[in-house]
Amino acid sequence: MTEHFRVCGGARLVGDVDVVGAKNSVLKLMAAALLAEGTTTLTNCPEILDVPLMADVLRGLGCRVTIDGDRTVIDTPAELSHRADFASVGKLRASVCVLGPLVGRCKRAVVALPGGDAIGSRPLDMHQSGLRMLGARSEIEHGCVVAEADNLRGAQIWLDFPSMGATENILMAAVLAEGTTVIDNAAREPEIVDLCTMLAQMGAKIEGSGTSTLTVHGVTSLQPTQHRVIGDRIVGATWAFAAAMTRGEVTVHGVDPHHIELVLDKLRTAGADTTSTLDSFTVTMADRPRAVDFVTLPYPGFATDLQPMAIALSAVADGTSMITENVFEARFRFVDEMIRLGADARTDGHHAVVRGVDRLSSAPVWASDIRAGAGLVLAGLCADGVSEVWDVEHIDRGYPRFVENLRVLGADVARVAAEPHR
Ligand code: UD1
């Protein structure tokens with residue numbers, strides 16, 4: 001037996017939904033706790049599977065971790081193990097973010113490579129070359145990324161691409177390096193800003209947070225801290241798309257609307273009305289959405305994680321949309337599942353062309369990753385009849401209480417245990 005979501009199409013989503021801390025922030029903040037001996041407390045943590053998986057990675061390195069609802073407490077010992085082997089990291093791609101803190105704190109790290117991902121190749125070359133610039137040796141050996149340094153020294157580092165993961169690992173090594181490090185073409189995502197904020201609270205000296213040039217003046221040690229994780233802008237934006245697609249009215253609490261300014265602008269172009277406060281926003285859509293083009297780019301561009309929602313919206317919009325993917329090449333696998341639901345879509349290299357149809361038609365479909373799964377549920381809400389979305393463990397990794405929230409908003413969605421079709 002395995003679980004799927006049974007999604008009945010037709011409901012208009014109306015009401016309020018609370019969004020908790022960002023998956024793409026909390027996992028890095030947990031890794032940052034390795035940098036300081038003592039007790040670090042994180043609040044507003046999402047109750048998703050990746051948090052206990054990351055806790056296991058930290059336990060494997062010698063930490064004591066307790067998770068109590070939205071609160072995660074990490075006790076980091078004076079002596080850490082520097083090896084994160086496959087048994088602990090294999091289930092969690094983001095576990096590679098322990099690399100930088102381990103090199104910073106222990107001057108050596110052996111971190112197993114979690115392997116490929118359904119959204120495309122995820123190499124670590126920029127992580128490694130950044131650490132080399134700081135004076136570490138780094139190789140891939142026996143399925144692990146190995147990094148060692150006698151001493152880390154500040155350096156000027158230019159990233160080929162503003163990679164979130166490379167920025168985080170280099171930053172977390174540089175905070176304990178000798179001298180000044182400048183990371184140019186750094187990622188500017190709100191989750192990177194959240195990490196910089198927590199590191200600063202721990203005593204790190206960082207300038208340029210939220211810009212593409214991060215300057216880090218190394219310090220000899222950091223102190224543990226308490227920190228509240230920022231709201232998940234990707235989850236918040238998913239609800240914004242859900243409101244627009246179902247011609248509903250949804251107020252999302254717990255997300256800074258500035259973090260999804262571009263999304264709200266796109267939805268307004270599609271015909272939605274939006275209003276915002278400091279930490280909430282409302283999306284109202286009266287009519288069928290109009291077709292809009294989307295281009296994924298690093299922040300502040302349109303997030304690649306929202307590309308499935310953009311395709312799902314385009315599939316039911318009035319007109320033809322072009323969606324261009326610039327970050328993860330394999331994300332268009334999602335289009336094949338959308339075609340099962342009756343979408344008129346085709347891909348050509350980095351582009352997908354989607355001609356909106358009046359109504360999608362229900363079908364069994366399979367989630368290939370977290371965001372594709374959410375996109376399929378949204379599409380199912382706009383389909384005639386009852387769709388089944390399978391492989392929902394992906395959705396559970398990124399969307400806490402997804403089914404419960406959908407039901408509060410009026411959707412007819414249920415989690416069902418059954419024999420899989422394939
Ligand atoms: C993070 C997010 C993911 C999001 C992505 C892009 C987490 C846990 N995941 O992933 O949800 O979709 O940012 O916003 O935070 N690259 C290289 N070499 C490297 C590193 C990256 O070529 O050394 C390439 C990747 O293949 C990809 C691009 O850079 O094409 C962006 O990747 P990156 O920003 O590093 O993504 P992640 O940090 O893995």
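Order of listing sets the numbers, starting from 1, for every ligand and every atom in it.
- By the criterion of a heavy-atom distance under 4.0 Å, both the backbone and the side chain of Val327 are placed next to ligand 1.
- Between the side chain of Thr180 and the backbone N or O of His217, no donor-acceptor pair lies under 3.5 Å.
- A salt bridge is defined here as a Lys NZ or Arg NE, NH1 or NH2 lying under 4.0 Å from an Asp or Glu carboxylate O, and Glu3 with Arg415 meets this definition.
- Close contacts of ligand 1 with Gly165, meaning ligand atoms under 4.0 Å from a residue heavy atom, involve 35 (O), 38 (O).
- Between Ala94 and ligand 1, a contact under 3.5 Å exists for no N or O pair.
- Asp336 and Arg346 are not joined by a salt bridge, as no carboxylate oxygen comes within less than 4.0 angstrom of a charged side-chain nitrogen.
- Shown here for Thr246 and Ala11, the closest heavy-atom pair between the two residues is CB-O, 3.5 Å.
- At a 3.5 angstrom cut-off on N or O pairs, Glu168 does not count as close to ligand 1.
- The heavy atom nearest to atom 15 (O) of ligand 1, out of those in Glu189, Met164, Lys23, Lys28, is found in Lys28.
- Checked against a 3.5 angstrom limit, the closest N/O atoms of Thr304 and ligand 1 fall outside it.
- The residue among Asp305, Asn326, Asp160 with a heavy atom at the shortest distance from atom 4 (C) of ligand 1 is Asp305.
- Contact annotation: for Tyr299 versus ligand 1, there are no heavy atoms closer than 4.0 Å.
- Remark: Lys266 qualifies as a cation-pi partner of Phe294 under the 6.0 Å distance and 45° angle criteria applied to the six-membered ring.
- Here the side chain of Glu337 pairs a donor or acceptor atom with the backbone of Trp366 at under 3.5 angstrom.
- Judged purely by distance below 3.5 Å, without hydrogens or angles, the side chains of Ser25 and Asp194 pair a donor atom with an acceptor atom.
- Each of the atoms 23 (O) of ligand 1 lies under 4.0 Å from some heavy atom of Leu124.
- Remark: ligand 1 atoms within the under-4.0 Å shell around heavy atoms of Met126 are 16 (N), 17 (C), 18 (N), 19 (C), 20 (C), 21 (C), 22 (O), 23 (O).
- Considering backbone and side-chain N/O of Pro162, none are found under 3.5 Å from N/O of ligand 1.
- Using 4.0 Å as the threshold, Arg331 has a heavy atom nearer than that to some atom of ligand 1.
- Annotation: Phe161 places no N or O atom under 3.5 Å from an N or O atom of ligand 1; distance criterion only.
- Among Ala166, Pro123, Gly398, Pro298, the residue whose heavy atom sits closest to atom 20 (C) of ligand 1 is Pro123.
- Ion pairing between a basic and an acidic side chain is recognised when a charged N comes within 4.0 Å of a carboxylate O; Glu168 and Lys28 show such pairing.
- Scanning for side chain to side chain donor-acceptor pair (under 3.5 Å) contacts around Glu79 gives an empty result, with sequence neighbours left out.
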